[in-house]
Every structure is written in structure tokens, then in C-alpha cells.
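First up is the structure itself, then whatever we jot down about it.
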Amino acid sequence: MKETLRKVDCLIERILTRLEQEGLKNVLFTNCVKDENVKKVIPLITDLVSSSPRYQRAENVEYCIMVIGVPNVGKSSLINSMRRLHLKKGKASRVGGEPGITRAVLTRIQVSERPLMYLLDTPGVLAPRIESVETGMKLALCGAIRDHLVGEDIMADYLLYTLNKQQQFSYVERYGLGEPSDDIESVLKRVALNLGKKHKVKVLTGTGDVNVIAPDYPAAAYELLRTFRKGELGQVLLD
Ligand SMILES: Nc1nc2c(ncn2[C@@H]2O[C@H](COP(=O)(O)OP(=O)(O)O)[C@@H](O)[C@H]2O)c(=O)[nH]1
Ligand SMILES: [Mg+2]
């Protein structure tokens with residue numbers, strides 16, 4: 001446990017340094033499922049707004065803040081968590097493990113009484129062009145792009161490559177592989193057999209089609225991606 005916490009601290013340090021180099025300050029890490037660190041958001045916003053030089057807002061006491069980010073990073077969850085903490089109220093914004101749950105800019109959602117603060121939830125935004133295939137893969141693994149648009153099999157292959165590169169080998173034991181492998185086909189086969197996922201496929205032969213029972217590769221790829229996103233294949237920093 002201590003070791004994991006130390007690793008997380010190291011990662012956070014690295015992320016902060018990198019963001020600072022890109023000119024981003026005032027970064028908060030939150031967990032919106034466990035409501036961790038979310039209490040610090042409103043004081044930080046209040047501070048930043050009141051110390052900002054544009055000051056026609058002297059008599060305007062309410063805050064209206066827009067929440068933006070790529071799909072599936074937890075924008076709606078942040079808003080819901082703030083409502084829980086500050087207003088003791090339930091969900092106002094739908095949350096989901098897939099991109100595209102929030103489809104339109106919703107009406108403003110109150111998240112705090114004092115100061116009076118509203119947040120605007122928005123659908124995720126992505127750059128119109130993703131600069132490299134690898135960036136696209138990373139976004140897809142995080143669920144920012146719909147899986148079928150990229151292809152679960154290719155994503156699973158990229159995931160396996162990443163796990164091996166970062167020496168996260170928990171998949172080996174989990175799926176009974178014996179040893180790490182960089183061959184996605186044999187890994188998916190093992191995963192499918194392990195889960196008892198088989199399906200009928202048509203095979204073309206000289207005398208016509210025959211149905212054979214084969215490991216369900218798509219189901220195995222899906223399983224690998226879902227397990228990774230739950231954090232059960234190790235803590236991986238993709239970027
Ligand atoms: N582990 C973890 N999961 C989160 C956190 N915030 C959101 N999620 C999960 O991430 C998924 C996407 O969340 P959502 O709020 O719909 O993202 P949005 O598309 O940016 O609005 C959901 O399955 C959430 O439960 C967080 O802080 N920690
Ligand atoms: Mg949303």
C-alpha cells in the first residue's frame with residue numbers, strides 16, 4: 001500500500017511538472033467517485049476569479065463556470081460530487097462509462113450556495129484532428145472515442161504493448177498465461193478460453209462453409225479493455 005502511494009505521488013509530481021512547463025498552473029487532483037479533494041475546487045475558483053483583473057463583475061455576485069474536457073474524463077461526475085458535498089443534493093448530470101453520455105450543454109447546475117456558484121456541464125470535446133495514431137490510441141483506451149470507431153482488437157493490441165513496456169504484468173497471472181507475451185492473438189485466445197467465451201464462426205472450405213467453435217476474440221478484447229479501465233490491470237500512465 002505504501003509503495004503504491006509513493007508511486008502515485010511520483011506520478012502526480014511528473015504530471016504537475018509537465019503541465020507547468022506547458023503553462024498550466026492551479027491543478028487539483030480529485031476523485032469524484034469518493035468525493036476526495038473535491039472540497040478544494042470552489043475555494044480555488046473563488047480565489048482565481050476574485051484575483052483576476054477583469055473587473056466589471058463588482059456587483060455580480062454569482063459565478064457561472066463551464067466544465068470542459070475530452071469525453072469520459074469525469075466532468076459530469078465532478079459536478080455531481082460538488083452538489084453532494086456542498087448542497088447535499090443528488091445527481092443532476094448523467095454519468096456513464098462511455099463517451100457521449102452528455103450530449104448538449106445543459107442548463108446551469110447549482111453546485112454551491114455561498115458563494116452562489118453554477119456550473120455548466122458540456123459534452124466532451126476532442127480536437128478535430130488527432131495528431132498521431134498513438135495519441136488516438138491513448139484517447140481510445142481512456143474511453144474518449146467510441147471503441148468500435150477505432151476497433152477493439154487494435155486497441156487491445158496497443159494496450160498489451162503498453163502493459164509490457166511499463167512492465168505491468170498482472171495480466172499474466174490473471175488470465176493464466178504462464179509468461180508475458182507480446183502476441184495479442186495468443187493473449188486474446190487465452191483470455192477467451194479463460195472466460196469460457198467461445199462462439200461459432202463460419203470457415204470457408206473447398207466444399208462449402210462449415211461452422212466451427214472458436215475462441216471469441218472480440219469478447220476477449222472487450223474484457224481486456226474493460227478490466228484495464230477499471231484499473232485492474234495495474235496503474236498505467238499512458239502519456
Ligand atoms: N475512478 C474514478 N472514476 C471516475 C472519476 N470520475 C468519474 N469517473 C468515472 O468515469 C466515467 C465517466 O464519467 P462522466 O462523469 O460521465 O464523464 P464525462 O463524460 O466527462 O461527463 C464514469 O464511469 C465515472 O464513474 C474519478 O474521479 N475516479
Ligand atoms: Mg458528461
Side-chain angles (χ1 to χ4, degrees), residues 1 4-5 7-16 19 24 26-45 64-87 89-112 117-128 130 135-150 152 155 159 162-163 166 168 170-171 174 222-239:
M1 188 65 194
T4 317
L5 283 177
K7 262 181 154 169
V8 171
D9 281 343
C10 272
L11 279 182
I12 288 180
E13 270 312 307
R14 273 171 60 200
I15 296 170
L16 286 175
L19 289 176
L24 286 167
N26 304 304
V27 179
L28 267 184
F29 287 83
T30 56
N31 184 322
C32 304
V33 177
K34 298 186 188 152
D35 294 338
E36 277 167 13
N37 248 3
V38 175
K39 276 220 158 112
K40 296 187 185 159
V41 176
I42 288 182
L44 181 62
I45 295 178
C64 191
I65 313 284
M66 187 173 255
V67 183
I68 55 173
V70 298
N72 215 29
V73 281
K75 298 178 294 297
S76 300
S77 302
L78 173 68
I79 292 177
N80 291 335
S81 168
M82 287 169 80
R83 278 172 65 85
R84 273 197 299 273
L85 288 171
H86 297 286
L87 298 176
K89 283 199 177 138
K91 267 187 202 161
S93 202
R94 265 187 75 206
V95 167
E98 276 167 48
I101 296 278
T102 312
R103 284 173 191 278
V105 177
L106 302 174
T107 47
R108 56 187 200 166
I109 299 163
Q110 190 189 345
V111 289
S112 145
M117 190 176 291
Y118 299 94
L119 297 190
L120 288 174
D121 198 4
T122 60
V125 284
L126 277 177
I130 292 168
T135 305
M137 281 298 163
K138 290 172 183 172
L139 285 166
L141 280 186
C142 296
I145 304 171
R146 281 173 193 268
D147 294 345
H148 70 268
L149 296 179
V150 180
E152 278 97 339
M155 287 165 62
L159 172 61
T162 307
L163 292 174
Q166 301 196 8
Q168 296 273 4
S170 65
Y171 72 91
R174 185 180 182 109
Y222 183 84
E223 150 76 20
L224 220 50
L225 294 174
R226 289 295 168 281
T227 312
F228 166 71
R229 288 179 184 151
K230 276 191 268 168
E232 290 174 12
L233 295 181
Q235 281 198 322
V236 177
L237 183 64
L238 289 170
D239 224 355

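Excluded from the calculations below are hydrogen atoms, water molecules and symmetry mates; all remaining heavy atoms, backbone and side chain alike, are included. Both ligands and their constituent atoms are indexed starting at 1 by order of listing.
Taking every non-hydrogen atom of Val73 and a distance limit under 4.0 Å, the qualifying atoms of ligand 1 come out as 17 (O), 20 (O). Distances below 4.0 Å separate heavy atoms of Cys32 from the following atoms of ligand 1: 6 (N), 26 (C), 27 (O). Heavy-atom contacts of Ser76 reach the following atoms of ligand 1: 15 (O), 21 (O) (cutoff under 4.0 Å). For ligand 1, the atoms closer than 4.0 angstrom to any heavy atom of Ser77 are 6 (N), 7 (C), 13 (O), 14 (P), 15 (O), 24 (C). Atom numbering of ligand 1 starts at 1 in the shown order; those under 4.0 Å from a heavy atom of Asn31 are 26 (C), 27 (O), 28 (N). Atoms of ligand 1 lying under 4.0 Å from any heavy atom of Thr30, numbered from 1 in the order shown and given with element: 27 (O).
When the shell of 6.0 Å around OH of Tyr118 is examined, it contains more than 12 heavy atoms from other residues, nucleotides or ligands.
An N or O contact shorter than 3.5 Å links Gly74 to ligand 1 by distance. No N or O atom of Asp121 sits closer than 3.5 Å to an N or O atom of ligand 1. Checked against a 3.5 angstrom limit, the closest N/O atoms of Val70 and ligand 1 fall outside it.
Side-chain contact, Glu223 with Thr227: a donor N or O sits under 3.5 Å from an acceptor N or O.
Residue Ser77 does not count as close to the Mg ion (ligand 2), with no N, O or S atom under 2.8 Å.
Put simply, the side chain of Arg84 never gets that close to the backbone of Asp35: no donor and acceptor are under 3.5 Å apart. Judged by distance alone, with hydrogens and angles left aside, the side-chain atoms of Arg108 form no donor-acceptor pair with the main-chain N or O of Cys64 at under 3.5 Å. Judged by distance alone, the side chain of Gln166 and the main-chain N or O of Leu237 form a donor-acceptor pair under 3.5 Å.
When the heavy-atom distances from atom 5 (C) of ligand 1 to Asp35, Asn72, Val33 are ranked, the shortest goes to Val33.
Of all the heavy atoms of Leu78, none lies under 4.0 Å from any atom of ligand 1, so neither backbone nor side chain is involved.
Annotation: side chain of Leu85 is not in contact with side chain of Val111 (no heavy-atom distance under 4.5 Å).
Of the charged side-chain nitrogens involved, none lies within less than 4.0 Å of a carboxylate oxygen, so that Lys75 and Asp121 do not count as a salt-bridged pair. The existence of a salt bridge linking Arg226 and Asp147 is confirmed by a sub-4.0 Å separation between a basic side-chain nitrogen and an acidic carboxylate oxygen.
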